[in-house]
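Just so you know, ligand 1 is whichever comes first in the structure, and atom 1 is the first atom listed for that ligand.
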Amino acid sequence: MSWIREGELTIIERFCANIIKAGPMPKHVAFIMDGNRRYAQKCHVERQEGHSQGFDKLAQTLRWCLNLGIREVTVYAFSIENFKRSKEEVDGLMDLARQKFSRLLEEQCFLNVCFAYTSRHEISNAVREMAWGVEQGLLEPSDVSESLLDKCLYTNNSPDPDLLIRTSGEVRLSDFLLWQTSHSCLVFQSVLWPEYSFWNLCEAILRFQMNYSALQKARDSYMEERRRQQMERDQAYVTKKLQQEGFASHGDSRRRRTLLQKCTATREERIQGFLQALEHKRADFFERLCTVSA
Ligand code: IPE
Ligand code: IPE
Ligand code: MG
């Protein structure tokens with residue numbers, strides 16, 4: 001039987017879900033699932049049991065998300081820093097992850113798991129990939145931009161999260177999705193992760209809805225600014241070209257238009273070529289990794 005689909009919402013939960021769904025809903029929600037060990041201590045159970053209940057809570061939370069029409073969920077399950085915990089705890093978490101995630105991923109297509117992850121590592125890796133592209137002659141240095149960096153992140157296939165929730169009362173991001181959450185609604189809740197309830201999720205969504213228009217405005221004006229900056233870079237490139245061709249800085253307007261179109265098209269071509277090469281490079285890396293660990 002499916003782990004996620006089993007069990008529907010109660011009548012009262014369904015009723016409230018329908019009211020909430022009348023407002024703007026987050027399409028992508030990210031969770032920092034924190035507080036497992038404090039929960040274990042509070043309930044006088046083994047630490048591993050706290051982690052195990054944490055994984056079970058994820059399955060339940062995904063079911064609520066499905067019922068609420070949230071199409072994508074990203075979870076922080078284990079950070080690179082977490083390797084500093086005792087060997088016994090790390091081994092226990094690895095065992096649980098193997099067991100529980102394989103079951104979850106069998107039936108889910110909307111779950112992204114960040115495991116052995118930190119955001120600064122992800123961002124610096126994306127910067128290194130772009131430097132590699134320039135070194136290989138696939139990119140021009142002027143192609144390096146925020147929008148290209150977006151495409152080099154592990155999350156390049158997902159939209160940025162609309163809502164990020166951290167449980168356990170800690171008010172920090174612990175190096176999670178730092179780049180992707182600049183226009184997300186951040187909600188910090190005091191409940192420990194294994195005790196997370198449908199009502200906690202509703203409260204977080206209500207907070208998102210209360211901030212929706214401000215978030216939307218900030219996102220739109222950021223995208224506008226990004227487009228403006230790209231246009232400015234292209235114009236500067238064309239001006240330089242025209243000067244090289246012996247035109248005065250503004251040059252002939254038809255020639256300027258043609259050069260501008262050409263500049264945009266060739267940049268797009270370079271970027272597509274680079275992204276394909278990057279995909280191959282990553283696929284080779286994973287293949288080698290699988291061969292080594294087999
Ligand atoms: C989150 O709970 C799970 C992981 C980090 C793997 P913690 O293990 O951090 O539990 P607390 O925050 O110490 O209670
Ligand atoms: C953050 O939790 C990572 C995960 C929830 C996987 P931690 O409990 O490890 O974070 P810090 O150390 O309190 O910042
Ligand atoms: Mg913690």
Side-chain angles (χ1 to χ4, degrees), residues 3-4 26 28-65 70 72-105 108 110-125 153-155 158 160-182 184-198 200-201 203-204 207:
W3 198 22
I4 290 168
H28 181 183
V29 179
F31 289 95
I32 302 179
M33 310 181 289
D34 198 18
N36 294 351
R37 295 182 300 186
R38 275 166 282 171
Y39 169 80
Q41 208 167 24
K42 185 177 138 187
C43 299
H44 310 288
V45 296
E46 295 281 317
R47 187 181 54 209
Q48 180 75 352
E49 176 59 22
H51 286 314
S52 175
Q53 291 198 29
F55 276 104
D56 294 345
K57 182 56 69 176
L58 172 59
Q60 202 177 13
T61 306
L62 290 175
R63 194 173 72 226
W64 298 329
C65 287
I70 295 165
E72 185 153 4
V73 173
T74 298
V75 293
Y76 203 8
F78 191 88
S79 77
I80 295 177
E81 291 298 306
N82 291 148
F83 280 114
K84 292 180 184 155
R85 294 188 181 186
S86 72
K87 183 176 180 316
E88 186 202 355
E89 185 177 357
V90 172
D91 288 349
L93 278 163
M94 295 293 155
D95 281 348
L96 278 174
R98 259 190 298 272
Q99 265 174 51
K100 311 259 179 179
F101 280 131
S102 49
R103 186 162 177 202
L104 269 180
L105 293 170
Q108 278 308 304
F110 75 121
L111 175 64
N112 310 309
V113 179
C114 296
F115 202 88
Y117 168 91
T118 59
S119 188
R120 279 180 294 189
H121 181 268
E122 179 188 28
I123 296 168
S124 50
N125 185 59
L153 296 172
Y154 307 134
T155 51
S158 295
D160 288 342
D162 304 293
L163 169 62
L164 180 142
I165 298 169
R166 181 172 188 151
T167 57
S168 90
E170 305 300 340
V171 189
R172 58 180 176 274
L173 294 179
S174 299
D175 220 336
F176 183 51
L177 302 181
L178 302 180
W179 181 274
Q180 297 88 338
T181 53
S182 50
S184 308
C185 178
L186 308 183
V187 173
F188 298 95
Q189 297 180 297
S190 56
V191 57
L192 301 173
W193 175 249
E195 294 180 322
Y196 204 68
S197 72
F198 176 76
N200 293 129
L201 180 60
E203 186 220 341
R207 288 213 238 158

Distance filter under 4.0 Å to His51 heavy atoms, resulting ligand 1 atoms: 8 (O)
Element-labelled atoms of ligand 2 that are located less than 4.0 Å from some non-hydrogen atom of Phe78: 6 (C)
Sub-4.0 Å heavy-atom contact, Lys84 with ligand 2: no
More than 12 heavy atoms of other groups within 6.0 Å of Glu46 CD: no
Proximity flag Gln41 to ligand 1, non-hydrogen atoms under 4.0 Å: no
Tyr76, any N or O under 3.5 Å of ligand 2 N or O: no
side-chain hydrogen bond (donor to acceptor under 3.5 Å, both in side chains) partner of His28, chosen from Thr155, Asp162, Thr74: Thr74
Best match, Glu170, Arg37, Arg47, Arg85: closest heavy atom to atom 9 (O) of ligand 1: Arg85
Atoms in ligand 1 flagged as close to Ala77, the criterion being non-hydrogen separation under 4.0 Å: 6 (C)
Ligand 2 atoms in contact with Arg172 (distance to a heavy atom under 4.0 Å): 11 (P), 13 (O), 14 (O)
Side chain, backbone, both or neither: the part of Leu192 lying under 4.0 Å from ligand 1 by heavy atom: neither
Check: Gln189/Tyr196 side-chain N/O donor and acceptor closer than 3.5 Å: yes
Part of Phe176 within contact of ligand 2 (heavy atoms, under 4.0 Å): neither
Residue, atom name and distance, where the atom is the protein heavy atom closest to atom 3 (C) of ligand 1: Asn36 ND2, 3.5 Å
Atoms of ligand 1 close to Arg38 [distance to a heavy atom under 4.0 angstrom, numbered from 1]: 11 (P), 12 (O), 14 (O)
Taking every non-hydrogen atom, the tightest pair across Gln180 and Leu153: NE2-CD1, 3.7 Å
Heavy atom of protein closer than 4.0 angstrom to atom 13 (O) of ligand 2: yes
Atom indices of ligand 2 within 4.0 angstrom of Ile32 heavy atoms, with elements: 5 (C)
For the Mg ion (ligand 3): the N/O/S atom of Asp34 at shortest distance: OD1
Trp64 and Phe198 aromatic ring geometry - parallel, tilted or perpendicular at 30°/60° bounds: perpendicular
Contacting atoms of ligand 2, where contact means under 4.0 angstrom from a heavy atom of Asn82: 3 (C), 6 (C), 9 (O)
Arg120 atom CZ, neighbour heavy-atom count above 12 within 6.0 Å: no
Side-chain donor-acceptor pair present, Asn36, Gln53, cut-off under 3.5 Å: no
Met33: numbered ligand 1 atoms lying under 4.0 Å from its heavy atoms: 1 (C), 3 (C)
Distance-only polar pair, side chains of Glu122 and Tyr117, donor-acceptor under 3.5 Å: yes
Donor-acceptor pair, side chain of Arg38 and main chain of Ser168, under 3.5 angstrom: yes
Ligand 1 contact by Gly54, heavy-atom criterion under 4.0 angstrom: no
Glu81 touching ligand 2 at heavy-atom level, < 4.0 angstrom: no
Results of side chain to side chain donor-acceptor pair (under 3.5 Å) for Arg47 - residues two or more places apart only: none
Parallel, tilted or perpendicular: ring planes of Phe78 versus Phe83, cut at 30 and 60 degrees: perpendicular
Thr167 side-chain N/O to Leu192 backbone N/O, donor-acceptor pair under 3.5 Å: no
Identity and distance of the protein heavy atom lying nearest atom 8 (O) of ligand 2: Asp34 OD1, 3.2 Å
Polar contact flag for Ser79 and ligand 2 (N/O pairs, less than 3.5 Å): no
Heavy-atom pair of closest approach, residues Val73 and Val75: CG1-CG1, 4.0 Å
